[in-house]
Protein chains: 2
Amino acid sequence: MTTDARSQDPLCTELTRTPGAARGGPISHAVSRVARLHRVAAGRLLRATGLYAGQEILMMHLWDAGAVRQSELIKALELDPSTVTKMLQRLEQAGQVRRRPDPADRRASLVEATEASCALHEAVEAAWNDLEEKTLAGLTPQERAELARLLNKVEANLCPMAAEEDCPGA
Amino acid sequence: MTTDARSQDPLCTELTRTPGAARGGPISHAVSRVARLHRVAAGRLLRATGLYAGQEILMMHLWDAGAVRQSELIKALELDPSTVTKMLQRLEQAGQVRRRPDPADRRASLVEATEASCALHEAVEAAWNDLEEKTLAGLTPQERAELARLLNKVEANLCPMAAEEDCPGA
DNA sequence: AGAGTTATGTTGGTCGGCCAAGTAATCCGA
DNA sequence: TCGGATTACTTGGCCGACCAACATAACTCT
């Protein structure tokens, strides 16, 4: 009896409850939740393409830029180098990506999307558009713009911390 | 010449460039980025407590609710059961959490925070507050409220997809 | 030229998180 | 009563992502 009522509740349409953890940081909490849901949704939409959530962004960069130095990719995606290494290993194994040593710098390697991967290009863009639309359903253009603006501000706030330690600088 | 100019840019202070992948879904892209940065920031702030990003929310629920059925926790956090199982195993090993079988239902187990963990309570809340403030620095109360509102809308949009398949339902 | 510093990637380990299967207990209906 | 759902949790596998430590190769500076 205690907890039966909600099982009927088909969705989370009513989010009014205070989930406990939300007190000390309601927005942080919302960000976590949205982040997770968004990633899961992306994964689901991408599933048909055989890509996993996260890989699509890398591939898009590659489709966009052609052959790129791995270090460029790392900077562009702002991910940890080791993360990119492993993603590339998997994508290479999956035949989506090719790597070859950079003749100009024997440390570096050049990465590019394979021809095979180009077949996915469209599907991935479609999935991405779909995701965007599902994410923003019911938001007016103004709201979308505002959300974009606020997210950018938040990103700028969070960025420095990731970059180094802090940049209270002044 | 296609992509050389940007390599000099030290940080993300200027986000104006179009990173390629952002075209088809600018907000999805922003969400991914913010999500990652936010999680990293949380991890950094939590580091001192010995908790990893994600665990704090679970602990908060536990501190808040006392002994809880694991299934309740799963519903509250809206995570995959297996995720919670593994988190609890690690937290248990770390001494933050205790589990015992539920006498009323031999399948279930009851979870609660250990006394030791309560020492972290304050530090975690502090970290969480800190995170919230760093995240929202420079946003007016109105902007914060608007962001919260928009995130909730987005969450509601994304939720149904995770729940089942879709709920286009009228 | 040789030593020290920086840049590029890689490996190994740990986490959160998901999915797919599987086990065990409870519930429910014929 | 008894056999089929349903519920509760676990296991194994895989991914993205991090960090720390490392090996190479390239620069730089005396």
Side-chain angles (χ1 to χ4, degrees), chain A residues 3-4 7 32-33 35-47 50-59 68-75 77-94 96 99-111 161-163, chain B residues 7 32-33 35-47 50-59 68-75 77-94 96 99-111 161-163:
Chain A
T3 57
D4 279 6
S7 41
S32 314
R33 298 163 67 83
R36 185 189 134 273
L37 290 169
H38 185 266
R39 170 169 270 270
V40 168
R44 290 239 215 284
L45 291 174
L46 247 20
R47 208 181 187 72
L51 293 181
Y52 292 82
Q55 300 184 332
E56 84 280 19
I57 300 182
L58 193 158
M59 290 308 298
V68 192
R69 258 240 205 9
Q70 190 165 322
S71 61
E72 286 299 319
L73 215 47
I74 289 167
K75 262 190 291 186
L77 303 175
E78 299 185 82
L79 290 177
D80 190 273
S82 64
T83 299
V84 173
T85 294
K86 286 172 191 168
M87 282 174 79
L88 286 176
Q89 289 171 344
R90 285 164 188 151
L91 284 168
E92 188 170 29
Q93 180 112 25
Q96 309 293 5
R99 287 150 97 198
R100 63 172 184 282
D102 183 342
D105 185 339
R106 278 168 41 195
R107 297 168 293 180
S109 50
L110 293 175
V111 188
M161 319 188 43
Chain B
S7 43
S32 312
R33 298 164 67 84
R36 183 188 138 272
L37 290 169
H38 185 265
R39 171 169 271 268
V40 168
R44 290 238 214 286
L45 291 174
L46 246 19
R47 210 181 186 70
L51 293 182
Y52 293 82
Q55 301 185 330
E56 85 280 18
I57 301 183
L58 193 158
M59 290 310 297
V68 193
R69 260 243 220 346
Q70 190 165 323
S71 60
E72 286 299 317
L73 216 45
I74 289 167
K75 261 189 290 185
L77 302 175
E78 300 186 82
L79 290 176
D80 190 273
S82 65
T83 299
V84 174
T85 293
K86 286 173 190 167
M87 283 174 78
L88 286 176
Q89 288 171 343
R90 285 162 186 152
L91 285 168
E92 187 170 28
Q93 181 115 24
Q96 309 292 4
R99 287 151 97 199
R100 62 172 185 283
D102 182 343
D105 185 340
R106 278 166 43 195
R107 296 169 294 181
S109 51
L110 293 174
V111 187
M161 318 188 43

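Each chain gets a letter, A, B and so on, in the order its sequence line appears, and its residues count up from 1. Just so you know, these numbers use all the heavy atoms, side chains as well, and skip hydrogens, waters and symmetry mates.
- Partners of B/D80 by salt bridge (Lys or Arg N to Asp or Glu O under 4.0 Å), not counting sequence neighbours: none found.
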Got a list of side-chain donor-acceptor pairs under 3.5 Å for residues 84-94 of chain B, not counting sequence neighbours?
residue : atom : partner : partner atom : Å
B/T85   : OG1  : B/Q70   : NE2          : 3.4
B/T85   : OG1  : B/P81   : O            : 3.2
B/E92   : OE1  : B/R99   : NH1          : 3.2

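- A sub-4.0 Å separation between OP1 or OP2 of C/dC19 and a side-chain N or O of A/R44 is present.
- Remark: side-chain polar atoms of B/R36 are paired, donor with acceptor, to backbone N or O of A/E78 under 3.5 angstrom.
- Atom P of nucleotide D/dA21 and atom CG of A/D80 are separated by 14 Å, given to the nearest angstrom.
- Distance CD (B/Q89) to C1' (D/dC9): 10 Å, rounded to an integer number of Å.
- D/dG16 atom P lies 10 Å from atom CG of A/L88, rounded to whole Å.
- We find that CZ of A/R47 is positioned 13 Å from P of D/dG16, with the value rounded to whole Å.
- B/D102 has its CG atom 12 Å from the C1' atom of C/dT26, to the nearest Å.
- Going from atom CZ of A/R69 over to atom P of C/dT10 covers 13 Å, rounded to whole Å.
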Between the protein and nucleotides 13-16 of chain C, which nitrogen or oxygen pairs are less than 3.5 angstrom apart?
residue : atom : partner : partner atom : Å
C/dG13  : O6   : A/K86   : NZ           : 2.6
C/dG16  : OP1  : B/Q55   : NE2          : 2.4
C/dG16  : OP2  : B/R90   : NH1          : 2.7
C/dG16  : O3'  : B/R39   : NH2          : 3.1

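- With sequence neighbours left out, A/R69 forms a side chain to side chain donor-acceptor pair (under 3.5 Å) with A/D102, A/D105.
- Atoms CG and CD1, on A/L73 and A/I57 in that order, are 11.5 Å from each other to the nearest 0.5 Å.
- Taking atom CD on B/Q70 and atom P on C/dA25, their separation rounds to 16 Å, with Å as the unit.
- Looking at residues two or more places apart in sequence or on another chain, you find no side chain to side chain donor-acceptor pair (under 3.5 Å) involving A/R106.
- In the set D/dC18, C/dT10, C/dG17, the nucleotide with an atom closest to the side chain of A/R99 is C/dT10.
- Between D/dC9 and B/T85, no contact under 4.0 Å exists linking OP1 or OP2 to a side-chain N or O.
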Quiz item: What string of B, S and - do you get for nucleotides 22-29 of chain D 5' to 3' if you count protein non-hydrogen atoms under 4.0 Å?
Solution: ---BS---

Exercise. Show the numbers, then the answer: is there a side chain to side chain contact (heavy atoms under 4.5 Å, CB included) between A/V68 and A/L110?
Key: CA-CA 5 Å; A/V68 192; A/L110 293 175; over 6 Å; no

Practice problem: Kindly determine whether A/L79 and A/I74 satisfy side chain to side chain contact (heavy atoms under 4.5 Å, CB included), including the steps that lead there. | Solution: CA-CA 6 Å; A/L79 290 177; A/I74 289 167; 5.7 Å; no

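- Remark: P of D/dC18 and NE2 of B/H38 are 15 Å apart, rounded to the nearest angstrom.
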Exercise. For side chain to side chain contact (heavy atoms under 4.5 Å, CB included), just list the numbers for B/S109 and B/R100, CA-CA rounded to whole Å, side-chain angles, deciding distance to a tenth of an Å, and then say yes or no.
Key: CA-CA 6 Å; B/S109 51; B/R100 62 172 185 283; over 6 Å; no

